[in-house]
Amino acid sequence: MTHDELNLEQRRAVESDSQNILIIAGPGTGKTHTLTCRIAFQLQTLDPDKKILAITFTNKAAEDMNSRLKARLGKIDGKVFVGTFHQWCLSLLRQYGRGGEIRVAAPEDVLKTARGLWPGMTKGDLRKCLEKVSYWKSVDFKSDPPREAAVLSQALRAGSFYDFDDLLLEARRLLLENSSVLADVRKHYVQVYVDEYQDINPIQHELLKLSIGDTGRITAIGDPDQAIYAFRGSDARFFECFEDDFFPVEKIHLRENYRSAHDLISASGQMIASARDVNVPPQVARIYQEGLLSVHRSATDKAEAEFVVHTIEQLVGGTSMFSQDSGRVESHGEGAFSFGDFAVLYRLKNQARELKKAFERSGIPFSVAGEDSSGEDFDDDLLAQRKIEQDVLGERVALMTLHASKGLEFECVFVCGCEETLLPLGLEGIASDPQEERRLLYVGMTRAKSRLYLVSAKRRMLYGKTFENAPSPFLADIEEGLKKYSQQQYLKKTKKRDDDQIQLF
DNA sequence: AAGTTTCTGATTTTT
DNA sequence: TCAGAAACTT
């Protein structure tokens, strides 16, 4: 929702005078819009000497909120601090700390320091050690630190370095040990806003409790169905116990979905329902067009990648590059979609390999999240030229992990590897939480505005082993009427045998 | 230092 | 399987 209207629930969330508010905002419900409107609205009646603190999880989210606020208010001039926990804590330490220099150590710096401290350790052991320290700093910080934590902190501090976890930990210490700082923070930041509340970890929770106290006000917004970061210490239980933590609380549920076609909303809603421990009323669709939920089963991971590529080619239709090649200008769905409308999502980064190969063969411009596409060398001049042309247009198919897709939306989404051992992840020696895996699929499904392809491969190679996988059990929780099985599936059923040889096109 | 071979171990990731 | 680290050679 980009226009300035608010639906009833959003308006309630924006205008409520309750001391504390928990906004449950599912996918596509205008979360950022609502939060921004509320901050702007509350700013109008804010005492001149008071301030608002708005916490986001990523720099990108902070920038987004900042620019929205600027666009709305013209200027913010110090009335609102918008930033991540880390930015906020850094500013606290610089403003109220003991005055020494504070240099932020990037993870590479920390690794370098650790290598110097424990030269005998292998890379893997070092990584485990740093993970242990980080876990203590963000989750177990109330118990005694592991010996390595103290050693590492001392070494970092010798160069005035603080790692990311240290910023929060030291800010907590500052608030606990210096009552005038705490009083000052509480006096100024009378309203606190927290985005993605289902993703906070114990140290962040502690910081919020401390700085809000009994008199401050907090508005938290989030969606427990999209809690996918437990592995790094996030704890969605803070969402559940919000009412105990910040009494009294008004709960507001945003139910209207402005992103996805109504049938896609039904499908994702059915799929996620069994991961919940409470009954949640279904979302209400505000997009009334029909969507498409296509379920496709490929023979192999390679065939899966080809299916994705061919489907995109069909949907993009006779754009110049393809019409030149095939001599055909007319084709089904021509002009309906452009490359930027597509996302290809997967559970594991190494699933990108086959996909990348297929995209490279096709000449379709694509990007892989976290990889820079700039310095590639092409063995095909034509291919290179095409890519450069497409880059100018800025239209690329986006390949990324399910995790990385959170917060984004696309007209068409492919979720690859919808099969056992990947969703839920069940590789040997890996203990994954099936509920969290289900939420991960939910995040992926709810990225789609109009077309969603749930793709699986019967046979795939992972870490040198070949797996024969049944489709993901999560798909069974979507009613049959909503799923359209693609033609290949039909062919396979009737013609039988030899899946690899199926002629797709 | 640079180039070779052998080994290892391998989700998901922001700050 | 295969990329990157460790171990080894020149």
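So that the names make sense, note that chain A is the first sequence line, chain B the second, and so on, each numbered from 1. In this text the structure is predicted, and so the values were computed from the model without any measurement.
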Flag the pair A:Arg232 and A:Asp199 as a salt bridge only when some basic side-chain nitrogen lies within less than 4.0 angstrom of an acidic carboxylate oxygen. no
Establish, yes or no, whether the cationic atom of A:Arg459 lies under 6.0 Å from the six-membered ring centre of A:Phe467 and within 45° of the ring axis. no
Taking the same atom, C1', in B:dT12 and in C:dA5, what whole-Å distance lies between them? 23 Å
Contact class for A:Leu425 vs. all strands (heavy atom < 4.0 Å): base, sugar-phosphate, or nothing? base
I want to verify a distance call: between B:dT15, B:dA10, C:dA5, whose nearest atom is closest to the A:Asn59 side chain? B:dT15
For A:Arg103, all residues meeting side chain to side chain donor-acceptor pair (under 3.5 Å), sequence neighbours excluded: none
Nearest-angstrom distance from the residue atom NZ of A:Lys349 to P of C:dC2: 17 Å
NA contact type, A:Ala431, heavy-atom cut-off 4.0 Å: base, sugar-phosphate, or nothing? base
Any sub-3.5 Å donor-acceptor pair from A:Ser472's side-chain atoms to A:Glu419's backbone N or O? no
Spacing of A:Arg103 atom CZ relative to B:dT15 atom C1', expressed in whole Å: 19 Å
Within a 6.0 Å radius of atom NZ on A:Lys209, are there more than 12 heavy atoms belonging to other residues, nucleotides or ligands? yes
Of the candidates B:dT15, B:dT12, B:dT13, the side chain of A:Phe164 sits closest to B:dT15
For A:Leu126 and C:dG4, what is the distance between atoms CG and C1' respectively, to the nearest whole Å? 15 Å
Please determine, for the side chain of A:Thr84, which listed nucleotide (B:dT11, B:dT15, B:dT12) has the closest atom? B:dT15
In whole angstrom, what separates A:Met461's CE from C:dA3's P? 13 Å
Of the candidate nucleotides B:dT11, B:dT13, B:dT15, which contains the atom at the shortest distance from the side chain of A:Ser432? B:dT11
Taking atom P in both B:dT13 and C:dG4, compute the distance separating them and give it to the nearest angstrom. 16 Å
Taking the minimum atom-to-atom distance to the side chain of A:Thr58, which one of B:dT15, B:dT11, B:dT13 wins? B:dT15
Regarding the side chain of A:Pro107, the nearest nucleotide among B:dT15, B:dT12, C:dA6 is B:dT15
Rounding to an integer number of Å, can you tell me how far A:Leu93 CG sits from B:dT15 C1'? 14 Å
What is the distance from CG of A:Leu462 to P of B:dA10, rounded to the nearest Å? 15 Å
List the atom pairs, donor and acceptor, that lie under 3.5 Å between side-chain atoms in residues 89-102 of chain A and the rest of the protein, sequence neighbours left out.
residue: A:Ser91; atom: OG; partner: A:Trp88; partner atom: O; Å: 2.8
residue: A:Arg94; atom: NH2; partner: A:Ile102; partner atom: O; Å: 2.7
residue: A:Tyr96; atom: OH; partner: A:Asp184; partner atom: OD2; Å: 2.6

For a quick test of your reading: what N or O donor-acceptor pairs under 3.5 Å do the side chains of residues 105-116 of chain A make, sequence neighbours left out?
residue: A:Asp109; atom: OD2; partner: A:Ala106; partner atom: N; Å: 2.9
residue: A:Thr113; atom: OG1; partner: A:Asp109; partner atom: O; Å: 2.9

Measure from the side chain of A:Thr401, starting at C-beta and using heavy atoms only, and say which of B:dT14, B:dT12, B:dT11 lies closest. B:dT12
Looking across every strand, which nucleic acid part, if any, lies under 4.0 Å from A:Glu437 by heavy atom: base, sugar-phosphate, or nothing? base
Is the ring centre of A:Phe231 under 5.5 Å from the base ring centre of B:dT12, and are the two planes under 30° apart, so that they stack? yes
Between P on B:dT13 and CG on A:Leu345, what's the gap in Å once rounded to a whole number? 12 Å
Among B:dT14, B:dA10, C:dC2, the one nearest any side-chain atom of A:Arg353 is C:dC2
Nearest-Å distance, NZ (A:Lys123) to C1' (B:dA10)? 14 Å
Ignoring hydrogens and angles, write down the donor-acceptor pairs under 3.5 Å from the side chains of residues 52-63 of chain A, residues two or more places apart or on other chains.
residue: A:Thr56; atom: OG1; partner: A:Thr58; partner atom: O; Å: 3.1
residue: A:Thr56; atom: OG1; partner: A:Ala62; partner atom: N; Å: 3.4
residue: A:Thr58; atom: OG1; partner: A:Ala61; partner atom: N; Å: 3.0
residue: A:Asn59; atom: OD1; partner: A:Gln87; partner atom: NE2; Å: 2.8

Could you classify B:dT11 for me, syn or anti, using a glycosidic angle within 90° of 0 as syn? syn
Taking the minimum atom-to-atom distance to the side chain of A:His86, which one of B:dT15, B:dT11, C:dT1 wins? B:dT15
Most 5' of A:Gln87 and A:Tyr463 on DNA chain B, judged by nearest nucleotide: A:Tyr463
Not counting sequence neighbours, list each pair that qualifies as a side chain to side chain donor-acceptor pair (under 3.5 Å) and has a residue in residues 216-226 of chain A. A:Arg38-A:Thr219, A:Asp223-A:Gln226, A:Asp225-A:Arg276, A:Gln226-A:Arg447
Between the base of B:dT12 and the side chain of A:Arg347, is there any donor-acceptor pair under 3.5 Å? yes
Show me the protein contacts with nucleotides 7-9 of chain B, counting only N or O atoms at under 3.5 Å.
none

